[in-house]
Structures are given as structure tokens and as C-alpha cells.
Protein chains: 2
Amino acid sequence: MMNITIADLARITGLAKSTVSGVLNNKSGFSEKTRAKVLEAAEKHGYVPNEIARGLTSKFTKTIGLVIKDITNPFYNRITKGVQEVANEHGYTVFLCSSGENHMVEVTQVTAMVGKRVDGLIIAPLLEGVDFDHIYELKRKKIPFTLLGSIPGLTCDYVQFDDYNGSIQVTNHLIANGHKKIGFVTGQRTSRASKLRFQGFKDAMMASGLSLSEEHVFHEAKHLEDGVDVGNQLIAMKDRPTALICFDDVIAMGVIKACESAGLKIPEDLSLVGFDDIELMIFPLTSVSIPTYDAGKLLAKILFERIFEEEVAEYRQVTLDEKLVVRSSVKSLH
Amino acid sequence: MMNITIADLARITGLAKSTVSGVLNNKSGFSEKTRAKVLEAAEKHGYVPNEIARGLTSKFTKTIGLVIKDITNPFYNRITKGVQEVANEHGYTVFLCSSGENHMVEVTQVTAMVGKRVDGLIIAPLLEGVDFDHIYELKRKKIPFTLLGSIPGLTCDYVQFDDYNGSIQVTNHLIANGHKKIGFVTGQRTSRASKLRFQGFKDAMMASGLSLSEEHVFHEAKHLEDGVDVGNQLIAMKDRPTALICFDDVIAMGVIKACESAGLKIPEDLSLVGFDDIELMIFPLTSVSIPTYDAGKLLAKILFERIFEEEVAEYRQVTLDEKLVVRSSVKSLH
DNA sequence: TTGTAGGCGTTATCAA
DNA sequence: TTGATAACGCCTACAA
């Protein structure tokens with residue numbers, strides 16, 4: 001069961017622990033003979049340095065933590081992919097926690113990662129209706145972290161998307177196509193993104209003198225199934241909106257699924273748009289593209305700068321643009 | 001920067017390190033007064049035990065590693081979700097490595113995880129055309145691990161899918177619907193699943209006295225884009241197959257995408273089937289369903305049994321069934 | 001060029 | 001009921 005240690009190697013080669021350690025760490029000042037002897041023994045016995053013992057002394061565990069909401073969602077797995085790649089480039093391993101939108105899991109896992117002395121954390125926190133004690137604690141402990149999204153009043157590194165503007169863009173696109181009765185499907189209550197998108201939507205409507213009816217807004221959609229529900233409600237509705245904005249493409253997929261099986265045509269009978277512009281979408285859905293993969297890489301890049309920095313640099317606070325990608329899920333009413 | 005330690009707590013409370021440690025670990029035999037003093041101090045200073053130091057003594061790091069090929073693929077992120085959930089139930093944290101089908105990354109990351117003394121590993125290894133030294137090394141070191149898929153000649157815990165039979169099922173389904181010219185899109189060369197599915201396909205064809213033409217098999221599709229390529233080739237083809245079996249649903253999506261934009265109708269002009277039965281699929285694709293989420297949970301369950309077991313138990317070797325889900329992407333030629 | 005000693009934060013053992 | 005000490009595996013000084 002036991003992994004071989006430096007002490008074992010020392011015993012085997014008849015050298016001192018420090019000598020073995022020195023050779024293994026490529027320090028200079030050892031004879032070729034000792035060097036060879038150590039390396040050979042290490043190789044032969046499959047020695048893998050105990051990083052965790054090493055981490056005790058050396059300040060770095062070469063590990064970062066990543067906390068997201070749902071690994072199953074393309075939005076988050078693209079971010080994960082970006083983070084992972086940059087981490088690998090730095091020789092780092094990443095702890096993954098998919099909180100499933102459960103705040104307690106998020107807190108527990110962050111604490112566990114702190115316990116495991118990660119060198120830094122990337123967190124896509126639940127941003128609404130929860131407390132941020134675990135995040136503040138990170139700052140207090142001076143543990144490097146960077147956030148996806150910002151927390152009002154917390155000065156730290158973060159990357160966020162301009163959800164408000166993205167939402168204004170789609171909404172205006174619909175309005176420009178003559179839509180007046182526009183519905184909206186919000187995401188999780190704990191999602192800042194959802195709040196901003198909804199706000200952008202309302203503001204854009206208002207700015208065009210359009211009003212929205214309460215029946216046309218659907219709340220708290222999370223999974224594809226919720227989208228199907230919304231679709232079914234829509235189908236059963238007498239006074240249907242002519243267009244619907246979905247919190248994300250996954251929800252939109254659900255709506256499409258429901259509509260297709262009910263014979264409701266998109267965009268003929270209903271115009272539909274979403275957010276994320278996910279790849280796994282064969283339907284020509286007009287969507288707001290979000291640079292998730294790039295964001296993942298950027299989050300990691302910023303985190304590593306913070307981890308390796310000598311003097312405390314300015315906090316990096318980046319807002320990434322969202323871009324409307326027009327396809328053919330919106331009907332022109334003109 | 002520094003996290004508070006037990007020694008700090010000892011100094012603060014005026015107690016001995018061992019006393020503090022004892023209280024913190026809920027050992028019996030301490031006065032209520034000491035107990036309270038320690039707990040209060042710990043709380044006040046936000047003490048988080050250094051798991052990595054703890055791991056030095058206690059044999060367990062409460063960490064497992066998970067190595068998959070592509071976190072972006074629904075197949076793997078469902079598995080990841082299952083693993084994650086079971087790990088969390090046990091209070092474990094999981095290291096994630098998405099190798100990107102790169103064998104060197106897989107080997108490097110496994111080694112890194114071993115270095116970090118994970119209590120166990122779940123690996124979905126590249127299974128064809130590569131060496132398994134890193135896996136054998138695990139066994140030699142008696143580090144618990146469970147595999148997704150089996151390695152011939154290696155006795156270990158594993159969970160695998162019956163890809164061969166799944167493939168036979170779809171192929172026969174197509175044949176039963178009167179298809180004779182059936183094409184096939186293989187996955188990565190390093191994928192055992194791909195090999196088995198292809199073999200199942202060929203055997204089923206053979207068993208029905210059907211032959212396959214080389215032009216109708218497309219190799220090494222990996223991403224959605226590759227599916228699009230295949231679709232485009234198909235469109236340009238004179239002697240097109242009447243049906244196409246794709247290595248997975250993502251590839252099938254690509255084919256659908258290509259066909260839709262070229263005006264080729266499915267199933268009217270081409271019957272199409274895939275594997276995985278992914279959720280994010282609005283097209284009514286007939287597909288071979290694979291219990292990925294359950295497999296993830298099972299993999300983790302088996303791993304934890306192995307980690308916590310007292311005596312060495314039998315190796316668990318499970319083959320999970322694949323099940324054909326018929327929708328409407330196959331046209332009946334009768 | 002190599003060896004000895006001490007420390008990192010924790011737990012376990014044994015003594016007080 | 002509490003405290004001192006060693007040990008886990010490694011690294012860094014410093015001494016030989």
C-alpha cells in the first residue's frame with residue numbers, strides 16, 4: 001500500500017535523505033555517480049514525490065479549486081475547459097465542485113478546498129439571496145481567488161459578462177422585427193445573470209414604450225425540462241406572446257421540444273431567442289453569444305497572476321461583451 | 001497570508017497542541033471548560049484544519065481523482081456529475097482532469113494525482129493504441145482505482161458499457177426497417193467504444209447478409225464539427241447510404257446541422273441514429289441510450305468500497321446495458 | 001560532495 | 001484531564 005519515500009531511497013542507496021532530495025530536485029553539486037545511483041533507484045521503485053508532504057513546507061500545493069453550478073450545462077463546462085487548460089499549462093491540478101445551485105454545497109466545498117490549501121480559487125458563486133461569508137473569509141485569509149461575476153462592495157479580481165447589455169440587444173432585435181408581445185423566462189432566483197437579463201429586457205421594452213404582461217413571464221427555469229414546461233404552458237395559452245426570450249439556450253431547447261411535439265412552429269408561430277449560443281444546438285436559434293471558454297481561460301490567467309505575483313497588484317476587473325448572433329428563429333412581423 | 005494553525009490556537013488558549021487537537025477532533029476526555037475555550041478560539045480566528053498536514057499522518061487525503069476525455073461532451077459530464085455527487089456524500093473532493101484525448105496529459109495528470117496522494121482514482125482511459133503503464137503502476141502501488149472500460153489482461157474494478165450489443169441493436173433496427181446501404185461514422189482511434197460499436201455494426205450486417213461499402217464509413221469523428229464534415233461529404237455523394245450510424249449523438253448533431261442547411265431531410269432523405277441519447281437534443285433522434293450518470297455513481301461507489309474496505313474483496317466488474325430508444329429519425333423502407 | 005538537524009501542521013502515544 | 005514528544009515525508013540550512 002505504501003508509496004516509496006525519500007527515506008526508503010536513502011536506505012536503498014546508502015545515501016542521506018538530503019542527498020537524495022537534492023538530486024531529485026536537480027540541485028547542483030552532486031557527483032555523477034550519486035546522481036545516477038539515486039535516479040536509478042527512484043526509477044526502479046517508481047518513486048513519486050509526495051506532493052502533500054512537499055506542500056507542507058513549500059507554500060505551494062500546485063492545486064486550484066473551481067466551483068461552478070452545474071457541470072452538465074454547456075455554459076459551465078466551457079468555462080471549466082478553459083480553466084483546466086490554463087491550469088495544466090502551469091502544471092496545476094484542479095479541484096472541481098459542481099454545487100448544483102446548492103449554497104451549502106458551495107460553502108462546504110470552498111471550506112474543504114481551503115482546508116486542502118489550494119493555491120487559489122475560481123468561483124462562480126450564487127449571487128443573489130445568499131450570504132458571501134465564505135468569500136469574505138477568503139479575502140481575509142488572503143487566499144487568491146477570482147470570481148465569475150461581481151459582488152457589490154467586494155473589491156476583488158473578477159470576470160463578468162455584460163448580461164444587461166446582451167439582453168438589451170436581443171430585446172431590441174425582437175422589437176425591431178415588429179414584436180410587441182414579448183415573453184421572458186428567467187433563470188434561477190440566485191442568479192445575478194438572470195436578474196440582469198430580465199432588467200435589460202424590461203428596460204428595453206420600456207424604452208420602446210412597450211409593456212409586458214405578467215402572464216408572459218415565467219420564473220425559475222433551470223433545466224431543459226423546465227423549458228418544456230414553459231413550452232407547454234405557452235401552447236395552452238390563449239393570448240400567447242409572439243416572441244419569447246429564454247434565460248439560456250438549454251431552456252430554449254426545452255421550449256422548442258415542447259413546441260415541436262405540439263406542432264407549434266418556430267418562428268412562424270412563435271419567435272424564440274436564448275443566451276449562450278451553445279454548440280450543441282442544431283436548431284437555428286438566434287442567441288446571445290457569451291465567450292465562456294475565453295472567460296475560463298481569463299479567470300485562470302488572472303488567478304495565476306495573483307498567485308505568482310510578488311507585490312500586490314491592482315485588482316483585475318473585466319467585463320466581457322455579449323454578442324447577438326442572428327439566425328432564423330425570429331419572424332419579422334413587418 | 002498564513003492560515004491559523006493548531007499551534008497558534010494552543011498559544012492563544014494557553015493549552016497544549018495535543019489538547020487543542022483532541023478537542024477539535026471531538027475526542028472524549030476533556031473538561032467542558034477547555035472544550036469551550038478551544039472551540040471559541042477556533043471559531044473566532046476562523047481556524048480551518050490543514051487537511052494536507054492531516055493527510056501526512058492520517059493515511060487519507062479525502063480526495064479522489066477523476067480522469068476523463070472531454071468535459072464538454074455530455075457523455076463525460078454526466079459521468080462526472082454522478083462521481084461528484086457520490087464523492088460529496090462521502091465528504092470527498094474530486095480532482096478533475098479532462099485529458100482532451102491526449103495520452104500524455106492523461107499520464108501526467110495521473111502521476112500528479114498520485115503525487116498528491118489521492119485516496120483513489122476513477123479513470124476513463126484511452127483504450128486503444130496506447131500503453132497502460134500508468135495504470136499498471138497504480139495496481140503495483142496498490143492505489144485503489146476503478147476504470148470506465150476494461151483493459152485486457154488487467155484484473156481490476158471496472159464498469160463498462162455493452163457497446164457491442166448496443167450497436168447490434170441499432171443496426172438490426174435499421175435492417176428491420178429495410179435499410180441495406182448503411183453507413184457508419186467511427187469515433188476516435190483510441191476509443192474502445194468506437195471499435196466495439198463498429199464491430200457490432202459489421203457483424204450485424206454480416207449476419208443479415210449485407211455488405212458495407214468502404215465509402216460509407218467515415219473515420220475519426222470527434223466533435224460536432226466533424227459531424228458537419230461527414231454530413232457535407234454525404235450530401236455531395238452520388239451513391240448515398242440510406243441510413244447512417246454515428247459514433248455518438250454529438251456527431252449526429254453535426255450531420256443533422258449539415259443536412260438541414262443543405263435541405264436534406266431526416267429521415268426522408270437519410271435515416272440517422274446515434275449513441276448516448278443525450279438530453280440536449282431536440283431533434284427526435286433514435287439513439288442508443290447509455291446510463292452514464294448511473295455509471296458515474298457506480299464507479300464512485302465501487303471506488304469507495306475499495307478505499308474503505310478492510311480485507312481485499314473480489315474485483316467488481318460490471319457491464320451496463322445499452323438500450324435502443326426509438327424516435328423518428330429512421331424511415332421505414334418497406 | 002555528502003550528512004545532520006530542524007521545521008512545516010497534524011495526530012497518536014504515553015506520561016504526568 | 002492535560003501535556004510532551006515522536007512521527008508522517010519533504011525541504012532548507014548548515015555542518016562535516
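All figures in this text were calculated on a predicted structure; none of them were measured in a lab. The figures here come from the full heavy-atom set of this structure, side chains too, leaving out hydrogens, waters and symmetry mates. Protein chains get the first letters and strands the later ones, always in sequence-line order, with residue 1 at the start of each.
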Rounded to whole Å, the CZ-C1' distance (B:F30 to D:dG3) equals 10 Å

Atom-to-atom span, CG of B:L56 to C1' of D:dC8 - whole angstrom: 5 Å

Geometric cation-pi criterion, B:K69 with B:Y76: 6.0 Å, 45°: no

Rounded interatomic separation in angstrom, taking CD from B:E32 and C1' from D:dT2: 15 Å

Would a 4.5 Å heavy-atom cut-off, applied to side chains only, mark A:Q160 and A:L148 as touching? no

Over 12 non-hydrogen atoms of neighbours within 6.0 angstrom of CZ in A:R189: no

Would you call the rings of B:H90 and B:F304 parallel, tilted or perpendicular if under 30° counts as parallel and over 60° as perpendicular? parallel

Between CD1 of B:I52 and C1' of C:dC8 the distance, given in whole Å, is 9 Å

Figure out the NE2/P separation between B:H45 and C:dG9, and round it to whole Å. 16 Å

Cation-pi check, A:K139 to A:F145: give yes when NZ or CZ is under 6.0 Å from the six-membered ring centre and within 45° of the ring axis, no otherwise. no

Which part of the nucleic acid, if any, lies within reach of A:L15 when heavy atoms closer than 4.0 Å are counted: base, sugar-phosphate only, or nothing? sugar-phosphate

Scoring nucleotides 10-16 of chain C by protein non-hydrogen atoms under 4.0 Å (B base, S sugar-phosphate only, - none) yields BBB----

Return yes if a side-chain donor-acceptor contact under 3.5 Å exists between A:T190 and A:E128, otherwise no. no

